[in-house]
There are 2 protein chains.
Amino acid sequence: MKEGPDIAQIGALIGDPARANMLTALMSGKALTVSELAQEAGVGLSTASSHLTKLQDGGLLSQAKQGRHRYFTLAGPEVGEVLEALMGLAAHQGHLRTRTGPKDPALRAARVCYDHLAGDMAVRIFDSLSQRDFLSLDTHTSSLALTHEGENFVEKLGIDLEPLKKGRRPVCRSCLDWSERRNHLAGALGAALLTRFQDLGWARREKASRIVQISPAGQQELLKVFPVA
Amino acid sequence: MKEGPDIAQIGALIGDPARANMLTALMSGKALTVSELAQEAGVGLSTASSHLTKLQDGGLLSQAKQGRHRYFTLAGPEVGEVLEALMGLAAHQGHLRTRTGPKDPALRAARVCYDHLAGDMAVRIFDSLSQRDFLSLDTHTSSLALTHEGENFVEKLGIDLEPLKKGRRPVCRSCLDWSERRNHLAGALGAALLTRFQDLGWARREKASRIVQISPAGQQELLKVFPVA
DNA sequence: CAAATGCTTCGACTAGGAACGAAGTATGAA
DNA sequence: TTCATACTTCGTTCCTAGTCGAAGCATTTG
């Protein structure tokens, strides 16, 4: 009854286990179909459909029709940020679902966070970039930016910065990782780096999961390209 | 059924309107009693009690018994951060409860965010500090810090930095404002600044609300002390 | 065209949980 | 001790919202 935005509605949307599963599945950044999400959430098809319309009406998801499929994605980066924040809080409270399956080590090593790399390797990359003064903070807008040296470095990796700068999405953003509780690089550059690693054959995304496989050669290269003190 | 922390539980806790109202009320940083929160949420006393135990069991609130009162506060800064993130998302979607009462202008001008100043004036302070290079970012930990000039400046304002540095809470943190969508200063220093302004008689917190009243003299002083280009 | 796939809508069922009031417990004041 | 305040616990009512299966659309494939 007071001031402020309506938190409860969004909370209720995230509050249902089935929907929460769907949202975490979509943190992979991949667009998923209704049936995939139904399976992910462990719920019937009709149920999933109803959940998805609710999530969309609530502004958390966007849909894209393609043929006889309906693909869903998180509506925007803000949604991913809220989810990461929630995961951080939940993890911090030890409310971790310690389902220590075989996937967990791989998840911790390297995985996808919305659309950029997360996990051990991502944290290492962030550390390496900042240790070498390739990143700086504009305290005014409090947004992260590449230094001139950083720009040179990134372009030598084969990434064209011009299109990234033109987009309305910030080039650099830091993103707090729930497994590491450390920062890694998000934003347009974070996404571009992951794409580039895939093009180079250093990394490969497992389909229908958040795991990123790093090839032995890629591992070697990454350690060389991103040294830490 | 997958990897990751249990988001749904927390979401469900925030998802109930009564509980959401309580949480937003507690964003003021003040400790509130059961009866106060009941009224804030527009709900009976017994109902409030049950909600509060749930919030506490869920790790979102801490309680402090004092005499025959039971005071509740947000369990920690992370909780406040999640709430701010949610408010940001909700506001961004236009799900604002546009209850444009007389309070709103005051809320926008200056209010309390968990335990530090937010609103127009807080954003101005942050801008002023960063324009004068009093703030810098350690890109490694991605934590905000005071420069040497900044430390001098703050101590001249009458704030003793030593105790702040010793605490486990970060001295500087930036906090994104849902009304401004700009950054303002949080962390131990943010809290200390607000306290200092109150000691100087520049600001006064309205009880049982998030509004901070800035006195005419305080307004003048603040504009002088925190100039912006 | 028909058959198959992907998804939505409808209807019925059920469970969980939010609400309240009344009675019970604990702390403080007279 | 007695009364009042602050809160909790219990029992009941009620309603929302999640679930499924069956049937209906829509689109692609054969």
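Residue numbering restarts at 1 for every chain, and letters A, B, ... go by the order of the sequence lines.
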Task: Phosphate OP1/OP2 of D/dC20 contacted by A/Thr47 side-chain N/O (<4.0 Å) - done: yes

Task: Whole-Å distance separating the CD atom of A/Gln39 from the P atom of C/dC7 - done: 12 Å

Open item on the list: By nearest atom, which of the nucleotides D/dG18, D/dC7, C/dA19 is closest to the B/Ala18 side chain?
Closed with: C/dA19

Open item on the list: Nearest whole Å is fine: how far is D/dC7 P from B/Phe72 CZ?
Closed with: 9 Å

- [ ] Rounded off to whole Å, could you give me the CD-to-C1' distance for the B/Gln56 and D/dC7 pair?
- [x] 13 Å

Open item on the list: Just the rounded figure in Å: distance from P of D/dT27 to OH of A/Tyr71.
Closed with: 16 Å

Open item on the list: Any side-chain N or O of B/Lys54 below 4.0 angstrom from OP1/OP2 of C/dA18?
Closed with: yes

TODO: Could you tell me the separation between the CD atom of A/Gln63 and the P atom of C/dG6, rounded to a whole number of Å?
DONE: 17 Å

Open item on the list: Using modelled atom types and a 3.5 Å cut-off, is there a donor and acceptor pairing between side-chain atoms of A/Thr73 and backbone atoms of A/Leu61?
Closed with: no

TODO: Determine the contact category for B/Thr33: base if any of its heavy atoms lies under 4.0 Å from a base atom, sugar-phosphate if only primed atoms, P, OP1 or OP2 are that close, otherwise nothing.
DONE: sugar-phosphate

Open item on the list: Could you check whether any side-chain heavy atom of A/Ile14 comes within less than 4.5 Å of a side-chain heavy atom of A/Arg19, counting everything from C-beta outward?
Closed with: no

Task: Length of the line joining A/Met22:CE and D/dT19:C1', which is rounded to integer Å - done: 12 Å

Open item on the list: Measure CG/B/Leu55 against C1'/C/dG17 and give the value in whole Å, please.
Closed with: 14 Å

Task: Side-chain donor-acceptor pair present, B/Thr33, B/Glu36, cut-off under 3.5 Å - done: yes

Task: Gap between atoms CG and P, on A/Leu52 and C/dT9 respectively (whole Å) - done: 12 Å

Task: B/Arg19 side-chain proximity, nearest of C/dC7, C/dA19, C/dA18 - done: C/dA18

Task: Validation row: A/Val225, A/Trp202 side chains within 4.5 angstrom (heavy atoms) - done: yes

- [ ] Could you tell me whether the phosphate oxygens of C/dC20, OP1 or OP2, come under 4.0 Å of any side-chain nitrogen or oxygen in B/Ser46?
- [x] no

Task: Phosphate OP1/OP2 of C/dA19 contacted by B/His51 side-chain N/O (<4.0 Å) - done: yes

Open item on the list: Are there over 12 heavy-atom neighbours, none belonging to A/Glu155, within less than 6.0 Å of that residue's CD?
Closed with: yes

